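If you're wondering where the values come from, they're calculated on a predicted model, not measured in any experiment.
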Amino acid sequence: SQRSAITPGSIRVAVASNFAATLADLCRAFEAQSPYHVILVLGSTGKHYAQIHNGAPLDIFFAADARRPALLEREGLAVAGSRFTYAIGKLVLWSPQQGYVAADGEPLLPRACRHLAIANPQLAPYGRAAQEVLRARGLWETLRGQLVQGENIGQAFQFVESGNAEAGFVAYSQVKRPQQPIRGSLWLVPEELYSPIEQQVVLLQESAAAHAFLDFVRSAAAREILHGYGYSTP
Amino acid sequence: MSIEAQYSITRGDFLLDVDFSMPSRGVTALFGPSGSGKSTLLRAIAGLDFHPQGFLKVAGETWQGDGRFAPAHQRPFAYVFQEASLFAHLNVRSNLEYGFKRVPPQQRHISVERAIQLLGLENLVARKPETLSGGERQRVAIARALCVSPQFLLMDEPLAALDEASKREILPYLESLHDSLGIPVLYVSHTLQEIARLADYLVLLEAGKVVAAGPVPQMLTRLDLPLAHSSDAGAIFATQVAGFDQVFHLTHLDFSGGRFAVPGMALKLGQQVRVRIAARDVSLTLEHQGSTSIQNIFPAVVEELALENDAQVMVRLQVGDAPLLSRITKKSAAELDVQPGKQMFAQVKSVVLLA
Amino acid sequence: MSIEAQYSITRGDFLLDVDFSMPSRGVTALFGPSGSGKSTLLRAIAGLDFHPQGFLKVAGETWQGDGRFAPAHQRPFAYVFQEASLFAHLNVRSNLEYGFKRVPPQQRHISVERAIQLLGLENLVARKPETLSGGERQRVAIARALCVSPQFLLMDEPLAALDEASKREILPYLESLHDSLGIPVLYVSHTLQEIARLADYLVLLEAGKVVAAGPVPQMLTRLDLPLAHSSDAGAIFATQVAGFDQVFHLTHLDFSGGRFAVPGMALKLGQQVRVRIAARDVSLTLEHQGSTSIQNIFPAVVEELALENDAQVMVRLQVGDAPLLSRITKKSAAELDVQPGKQMFAQVKSVVLLA
Amino acid sequence: MMFHSADLIALALTFKLASITTFILLLIGTPLAWWLANTPWRFKFLIEAVVAMPLMLPPTVLGFYLLIALGNHGPIGQLVEWLGGQPPAFTFTGLVIGSVIYSMPFVVQPLQSAFRTVGRRPLEVAATLRASPWDRFFTVAVPLAGPGFLTAAVLGFAHTIGEFGVVLMIGGNIPGETKVVSIAIYDHVEGMDYHHAHVLSAALMLLSFVLLAGVYFLNRRLRMVQL
Amino acid sequence: MMFHSADLIALALTFKLASITTFILLLIGTPLAWWLANTPWRFKFLIEAVVAMPLMLPPTVLGFYLLIALGNHGPIGQLVEWLGGQPPAFTFTGLVIGSVIYSMPFVVQPLQSAFRTVGRRPLEVAATLRASPWDRFFTVAVPLAGPGFLTAAVLGFAHTIGEFGVVLMIGGNIPGETKVVSIAIYDHVEGMDYHHAHVLSAALMLLSFVLLAGVYFLNRRLRMVQL
Ligand SMILES: Nc1ncnc2c1ncn2[C@@H]1O[C@H](COP(=O)(O)OP(=O)(O)OP(=O)(O)O)[C@@H](O)[C@H]1O
Ligand SMILES: Nc1ncnc2c1ncn2[C@@H]1O[C@H](COP(=O)(O)OP(=O)(O)OP(=O)(O)O)[C@@H](O)[C@H]1O
Ligand SMILES: [Mg+2]
Ligand SMILES: [Mg+2]
């Protein structure tokens with residue numbers, strides 16, 4: 001009903017901000033091999049969810065978690081059965097300072113650090129994962145006073161990168177770029193320490209372009225791009 | 001008598017309660033001490049303040065009363081405020097044009113250029129109000145009021161900030177307002193001289209009440225009113241131009257009691273003019289004296305005396321059928337035995353020509 | 001002569017260029033037509049505007065000049081503005097106290113209560129300025145200036161908005177300022193009467209230039225200046241109280257040319273007082289006449305004549321050692337053959353007591 | 001290239017939004033401010049408080065509630081749909097509505113205090129010079145309140161440019177339609193594309209600075225010419 | 001229970017932040033506005049533009065640059081470190097700094113136009129009554145600019161309460177220290193805890209309303225008593 005502003009063959013894709021760079025790469029690859037055009041609409045997953053509820057003119061929703069797509073599907077706001085996991089995020093403990101974080105994560109915090117950045121555990125899957133790791137190590141209560149929370153993983157990363165927090169739990173995709181060396185020091189947190197960060201996509205409006213794009217996201221070419229950004233795929 | 005006003009206004013402790021009428025031609029002076037309610041009354045008449053207890057009828061038209069209240073901009077009056085109150089964002093010309101533009105062309109009596117010329121504003125037209133001197137500002141305010149070609153002019157001490165020379169220049173035009181245009185003026189002032197010169201009718205206000213009202217000549221010579229006891233007290237005479245003294249450039253003015261000789265020859269034969277004679281300029285003698293520089297000497301009958309203070313008396317005399325005031329010392333009054341009914345001579349040192 | 005002022009000020013087309021000195025005692029009047037630069041000069045003296053081309057020295061102290069410029073608040077002057085300019089956020093009492101509080105207690109000459117009483121503000125103290133009438137506002141402004149116990153008072157037409165009665169009440173106090181407190185006053189005015197009454201010294205300004213300056217009695221009778229030709233022209237005499245007439249409540253004042261009898265008995269024997277005699281109140285006769293209400297008649301010698309207009313002449317006479325002005329018609333002058341050197345009698349109809 | 005073409009579109013869209021919003025704000029805000037400055041009504045303080053309210057709410061929250069109201073289930077959205085129009089959420093119109101509500105206090109407050117300081121006298125004078133209430137409002141009150149209008153316009157315009165939370169919520173970040181420059185910069189930052197974030201911020205600041213400096217400069221010149 | 005206790009803490013923190021910020025804003029903004037209103041300096045329009053700049057930047061972006069400036073490579077961060085102090089990011093002090101910068105134009109602009117409308121005359125009068133420049137500034141200019149101060153204080157206070165982007169960026173969401181109510185509401189919305197979002201929003205709006213209505217009501221009473 002609200003699609004008049006968009007040219008045929010284009011689709012609007014809502015994407016969580018922290019996945020935007022990766023998805024932009026995916027789109028370039030997709031558009032190179034198909035007649036369709038993809039318009040990215042960035043935002044937080046919570047905001048997108050609220051907007052979809054209120055009639056936002058979107059075709060596909062790349063969420064930062066699995067919960068919101070599931071909810072939308074259940075509420076009948078998404079195409080039933082279209083939901084799948086497009087990427088699995090990896091959590092790292094990162095600092096832009098060389099040698100600040102030990103590569104094996106032991107001891108977890110080598111030096112007294114004033115601030116340790118994480119994403120908000122209530123809102124962001126990476127935040128929840130970081131919380132699980134700290135809980136598992138029995139450090140959650142100890143470190144409470146040092147934790148600074150970003151509203152999303154992007155902010156947690158900025159806290160660390162600007163040097164205001166010495167280190168932080170961020171997404172691997174934020175420090176890893178295809179064919180580039182990694183800055184600073186990091187500990188790639190073993191995946192058994194936190195429940196998997198599944199990022200799901202769901203179809204909101206059926207169209208040939210949308211289906212073609214979702215098919216592409218599942219393709220091997222797409223997976224290669226995802227791996228280049230530090231995601232794993234199911 | 002066709003302007004009727006009736007107001008009852010309360011402002012803090014101050015109560016203005018008036019009910020008076022005035023002629024719809026000529027200049028009516030509103031005279032009273034500071035704080036007597038002159039400005040308050042003028043504002044009510046202009047329609048600037050709404051007072052439910054009010055009634056105003058001008059020339060048959062009701063502006064307030066019978067459930068009607070015409071707002072200020074619908075009343076064909078102009079108002080000159082006590083402070084100049086020019087529009088700070090407009091230059092002098094635009095200030096003048098403001099009202100002019102808002103009057104339908106067929107109702108215009110006076111052009112902006114004429115107002116500029118009348119009030120000597122030629123060099124000021126491009127200036128902003130803040131660069132004007134106090135007197136210049138007030139002149140612009142008067143010109144601005146004239147530019148709306150009002151049918152009724154309300155002036156709140158418009159000349160207070162002006163020097164004598166400027167006053168002398170402006171007064172004749174204010175006079176001509178009612179003479180040539182027939183615009184009635186309600187003029188607030190506390191200078192008797194101005195009033196004597198300008199006004200035909202006088203409303204005397206004191207502490208919010210109208211103490212007396214009437215034609216100026218009568219009012220000025222009523223010994224029961226304070227007007228006849230101020231230092232500027234004097235009488236006004238209606239006269240007619242009877243001839244000229246070409247040699248000495250004098251004009252002869254006839255009235256019922258005789259003939260005045262006044263300096264100058266600007267008037268026309270037969271013209272009606274008013275003159276003012278200050279009480280302090282009138283001396284009394286028992287005989288008609290010669291070899292004096294005083295030109296104007298008239299037989300007069302003493303009518304009434306009133307004590308001014310311990311040392312002076314005010315004498316009202318009848319000269320022809322007009323009253324004349326003379327302020328003399330008690331000593332003179334005793335020496336000359338001045339009493340009601342006595343025949344004397346009034347020596348008039350100085351006669352002031354009014355309009 | 002110990003106030004020296006020198007300024008060269010440009011404002012648009014207007015150029016003020018003055019260099020004059022005035023006595024540091026008494027009242028100096030700054031007299032001139034509207035737009036002649038009076039306010040501009042007063043502001044410069046007050047230190048309100050900075051003009052690099054200026055010099056001001058008061059009683060030995062340099063306020064501007066030699067690289068020094070004292071800002072307004074450091075100069076021990078007070079200023080009464082042409083518009084009342086009361087603080088809108090303060091009531092009357094707080095307006096008065098504003099300056100009072102800022103003067104060190106030992107330098108205070110006058111209390112707030114006294115100023116309130118002097119200017120009759122008792123009923124207004126709790127009011128806000130916007131509820132005051134125009135005259136009330138100006139009275140508060142004057143009282144406020146007095147409350148800083150100034151060493152030098154600058155007044156820009158402070159009485160223009162007042163009625164005659166209020167003026168009469170305030171004037172004596174302004175006079176006493178320099179008499180009892182020795183505060184010099186620089187007083188801007190365009191009413192000759194006020195100046196004659198108040199001022200000792202006069203600076204005559206015209207189009208930004210000082211045309212003449214000098215003691216008031218001389219200035220007023222100089223026939224080469226416009227002052228002697230205004231309708232209010234007159235002379236001032238220094239006299240001494242010589243006695244009283246108990247019966248008629250008169251006071252006798254002696255001067256070099258004779259004796260005046262003036263109404264009232266408020267003065268003390270031997271007291272020095274000044275009187276003013278308006279030119280229009282003086283008539284000339286060839287003989288000493290009796291049986292007239294005129295009490296004051298003096299032998300006088302004609303000194304100089306000047307044409308006023310086609311019909312009138314101004315005559316300066318010498319009475320004793322003081323000059324006297326008389327305005328008469330050309331006709332009288334011809335009939336009486338008035339010429340320099342001629343012996344005549346001056347009849348003075350009315351004498352105004354100054355301070 | 002220094003700019004994404006998308007960034008240029010966002011920049012243009014932003015200035016368009018700010019201009020339209022400012023225009024509407026002045027249109028609505030002026031009479032409101034006038035009324036508030038002059039009414040003797042005893043309860044006007046309640047209205048004054050309501051006008052200032054949007055200031056106190058976090059913009060995202062305001063945006064959230066606006067989204068609900070303007071969306072296809074909300075009262076306004078449904079009303080518009082019933083009238084045959086599109087619900088204003090996720091459209092440029094929606095942004096304008098949101099911006100107007102959000103920036104209203106920045107326009108009303110300076111205007112109100114400007115009108116109050118103009119005072120009654122100039123209006124009384126105008127009344128005696130035949131100016132009707134509307135006339136004197138436009139020819140006397142408005143020009144005399146000049147500095148207040150400048151402040152109001154600058155605050156309203158600038159605040160709309162810098163607006164973010166409301167726009168993000170009800171606009172939906174749709175390029176060319178609702179993606180304004182504040183969101184574009186935010187996206188760059190979030191997407192760790194700091195280079196483009198810096199470039200776009202610098203461009204915005206430069207433009208803003210030139211615009212503001214120009215306005216203030218002209219304002220000064222204007223006042224000097226009048227003198 | 002209707003409120004999280006955390007929400008109450010956030011509410012209290014917010015009002016504390018807004019009060020302190022408003023105080024500092026008036027302290028800094030008043031002399032600045034005064035200078036701007038009175039200086040004849042030809043280039044003051046540049047300063048005016050700079051003061052208005054923070055308005056035009058999206059708060060999140062402003063916050064982002066503040067974060068960089070406060071960090072250990074940023075100028076402020078390095079300065080503070082060099083002085084031996086604690087870096088202000090993630091502290092209440094940091095929030096105050098951010099809020100002051102962000103809300104400055106809302107205080108300076110109304111004050112400047114208020115001072116301009118007071119005019120020179122009352123200050124000249126005060127000068128002739130022995131008041132030094134400081135003295136007359138406080139006893140004449142400030143009270144006569146009263147409505148402007150009210151506007152400035154209300155805009156500054158309210159804007160700080162509603163502030164979100166800057167605080168979000170440099171605050172770090174530490175309960176009792178930097179977690180203000182705008183963020184708390186945002187968290188509820190993002191976390192789909194709409195119930196608590198509604199409750200907290202309503203509480204904030206009610207409090208704001210009562211506060212504003214109180215201010216305006218008192219302002220009116222005050223002016224009436226003076227008359
Ligand atoms: N709000 C008020 N509360 C108390 N008294 C007031 C109020 N407003 C006006 N007045 C008084 O009303 C009286 C009349 O004021 P008005 O301005 O009409 O006087 P006026 O005759 O014009 O005097 P002036 O010649 O000095 O201008 C004054 O005494 C004034 O103090
Ligand atoms: N900025 C300006 N540009 C041009 N002329 C100016 C400017 N400012 C003042 N003037 C002129 O300077 C002259 C002196 O003004 P000032 O106020 O000193 O006169 P004044 O003698 O006090 O007159 P008044 O008795 O009317 O108050 C006036 O003619 C005025 O028009
Ligand atoms: Mg009055
Ligand atoms: Mg002047």
Looking only at non-hydrogen atoms, find the nearest pair between B:S133 and C:S34 and report the distance. OG-OG, 3.5 Å

For C:Q347, is it the side chain, the backbone, both or neither that has a heavy atom under 4.5 Å from a heavy atom of chain B? side chain

Side chain from CB out, backbone as N, CA, C, O: work out which of these in C:A266 comes under 4.5 Å of a heavy atom of chain B, or both, or neither. neither

Qualifying residues under side chain to side chain donor-acceptor pair (under 3.5 Å), relative to C:D13, sequence neighbours excluded: none

Against chain B, label C:R327 side chain, backbone, both or neither, depending on which of its atoms sit under 4.5 Å from a heavy atom there. backbone

Thinking salt bridges, do C:D281 and B:K349 make one under a 4.0 Å N-O criterion? no

On a heavy-atom basis, which atom in C:D245 and which in B:K331 lie closest, and how many Å separate them? OD2-CD, 3.5 Å

Taking only residues two or more places apart in sequence or in another chain, which ones pass side chain to side chain donor-acceptor pair (under 3.5 Å) with B:Q312? B:N309

Counting only non-hydrogen atoms closer than 4.5 Å, does C:E335 touch chain B with its backbone (N, CA, C, O), its side chain (CB onward), both, or neither? side chain

Bottom line for C:T329: the part with an atom under 4.5 Å from chain B's heavy atoms is side chain

Show the nearest heavy-atom pair for residues C:E136 and B:G35, with the distance to one decimal. OE2-CA, 3.8 Å

Which atoms of B:A278 come close to chain C, meaning under 4.5 Å heavy atom to heavy atom: side chain ones, backbone ones, both, or neither? side chain

